[in-house]
Amino acid sequence: MKAYEITQRLASWAEKGVFERTCDTFKCGDENREVKKVAVCMFGTLGVVKAAREWGAELLIVHEPLYYTHMDVHTDEKIECEKRRRIEETGIVIWRYHDYPHSAPTDLIADGVVKAMGFAGETEYTDVFDLRRIHLDSPMTLGQIASQIERNLGIAHVRVCGDMDASFEKLSCMFGTPGGVYEELRSDDCQVMLTGEGSEIGLGEYCRDAADMGFKKAVILMGHIGSERDGMKLVADMINARIPGVEAKYFECGEVSRYTDR
C-alpha cells in the first residue's frame, strides 16, 4: 500500500471529512512510496527517526511538529536545516497526524489517554474541543489522582497545584495544550483539570489561591508528551487492526524535560 493511501485511511476516521487547511500533511519523502511498516510517535526526534528506520519503517506518522511551530513552517534557521538534512538522508516518509485524530467522532488521542489512566467512573463527552469529564465512582485525593496518572502513564513527574489531601469527584481532561483550559477550570463543572502544559501565573496561582480558601480546584500538568502519547499508541493499534498489509509500531520519544532524581 502506498503512503498516501494509508494516510487517506487515517484521515477518513475523522468526523469532518477532508480539511482544506491542516497541518496534517507530508513533511518529507515520496507519498507514492510502497509501505509495509508504519512507525508512529508523538515527536519526530532524530532518535525516533533512527529507530524507525532501523526497524524498517518506510512511513513515520508524527503527532506534533518537526520544526517547532504548529504549522511546521520550515525556515533557514541552522538547527531546523540540519534536522531536515539528517531526516532526508534516511529516505523515510513523514506525515503529520494531528487535526484528524482530534476530530474523530470521539477524540482518538483522548480516548487512548483516558483508557490508559484507568480511572473508574463515567465519562462525559462535551461539545468543547478536546474536553471530556470523568465522574469518579468514588472520591479520590489529589495525591491519589496524581500518583495513578504517573503510574499508569509512565510519567516521571506530574506537576500539581492544589490541596494534595483534598478529595475530588470530577476530572476535566484537556490534554496537550488546547485553548479553553482556563475557562473550564473556572467553571462550576471543573474540580481537577488534567492538561499537558499551562501558565503558572494563570492556572497555577488560581488553584493555589482557591485551595487556600477551601475551594475544590486543582490542576495537574502532565507534560505535553505524557498527556497525549497513549493516544498515538491507540492509533498504532488501530492501524494494525484496520489496515491490512501493513504493520504499525509505536516509538517512544521520551519526555522533553529531565529531572535531577532520574
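Below, each value reflects all heavy atoms present in this structure, side chains not excepted, and no hydrogens, waters or symmetry copies. Quantities reported herein were computed from a predicted structural model and do not represent experimental measurements.
For Lys2, the side-chain contact (heavy atoms from CB on, under 4.5 Å) partners are Tyr4, Glu5, Asn32, Glu34, not counting sequence neighbours. Under the rule for a side-chain contact (heavy atoms from CB on, under 4.5 Å), the partners of Thr141 that lie at least two apart in sequence or sit in another chain are Gln144, Ser167. Evaluation of the side-chain contact (heavy atoms from CB on, under 4.5 Å) rule for Glu205 yields Arg208 as partners, not counting sequence neighbours. In this view, Ile79 and Tyr68, Glu77 satisfy the side-chain contact (heavy atoms from CB on, under 4.5 Å) rule, not counting sequence neighbours. With sequence neighbours excluded, the residues forming a salt bridge (charged side-chain N to carboxylate O under 4.0 Å, His left out) with Asp111 are Arg132, listed by chain and number. The side-chain hydrogen bond (donor to acceptor under 3.5 Å, both in side chains) check on Thr177 picks up nothing, with sequence neighbours excluded.
Across every non-hydrogen atom of Phe168 and Leu136, the tightest pair is O-CD1, 3.7 Å. Residues Thr45 and Cys253 share a closest heavy-atom pair of CG2-CB, 4.1 Å. Of all non-hydrogen atoms in Arg229 and Gly154, the two that sit nearest each other are NH2-O, 3.1 Å. Counting all heavy atoms, side chain and backbone alike, Phe175 lies closest to Ser227 at CB-O, 3.1 Å.
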Counting only pairs under 3.5 Å, give me each side-chain donor-acceptor contact of residues 217-226, with atom names and distances, residues two or more places apart or in other chains.
from   : atom 1 : to     : atom 2 : distance (Å)
Lys217 : NZ     : Leu185 : O      : 2.5
Lys217 : NZ     : Ser187 : O      : 2.6
Lys217 : NZ     : Cys190 : O      : 2.7
His224 : ND1    : Glu197 : OE2    : 2.8
His224 : NE2    : Glu64  : OE2    : 2.7
His224 : NE2    : Glu228 : OE1    : 3.1

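Residues Ile155 and Leu142 fall within the same hydrophobic cluster, defined by Ile, Leu, Val, Met, Phe, Trp and Tyr side chains chained together at heavy-atom separations under 4.5 Å. Taking hydrophobic clusters as Ile, Leu, Val, Met, Phe, Trp and Tyr residues chained together by side-chain heavy-atom distances below 4.5 Å, Leu153 does not share a cluster with Met42.
Looking at Leu194 and Met117, their side chains come closer than 4.5 Å, going by heavy atoms from C-beta outward.
Residue pairs meeting the salt bridge (charged side-chain N to carboxylate O under 4.0 Å, His left out) criterion with at least one member in residues 148-162, sequence neighbours excluded: Arg159-Glu200. Identified under the side chain to side chain donor-acceptor pair (under 3.5 Å) test for residues 234-245, with sequence neighbours left out: none. Listed by first and then second residue, the salt bridge (charged side-chain N to carboxylate O under 4.0 Å, His left out) pairs involving residues 113-130 are Glu124-Arg133 (not counting sequence neighbours).
The ring of His63 has its center no closer than 6.0 angstrom to the ring center of Tyr97.
Clustering of Ile, Leu, Val, Met, Phe, Trp and Tyr by side-chain heavy atoms under 4.5 Å joins Met71 with Val73. Alongside Phe215, the hydrophobic cluster contains Met213 (criterion: ILVMFWY side chains under 4.5 Å).
Partner of Arg86 under the salt bridge (charged side-chain N to carboxylate O under 4.0 Å, His left out) criterion, chosen from Glu82, Glu88, Glu89: Glu82.
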(request) Determine, step by step, whether Lys36 and Glu247 satisfy the salt bridge (Lys or Arg N to Asp or Glu O under 4.0 Å) criterion, reporting the C-alpha distance in whole Å, the side-chain angles of both residues, the deciding distance to 0.1 Å, and the verdict. (result) CA-CA 6 Å; Lys36 293 183 178 180; Glu247 178 184 0; over 6 Å; no
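Going from atom CG of Leu66 over to atom CG of Asp72 covers 5.0 Å, rounded to the nearest 0.5 Å.
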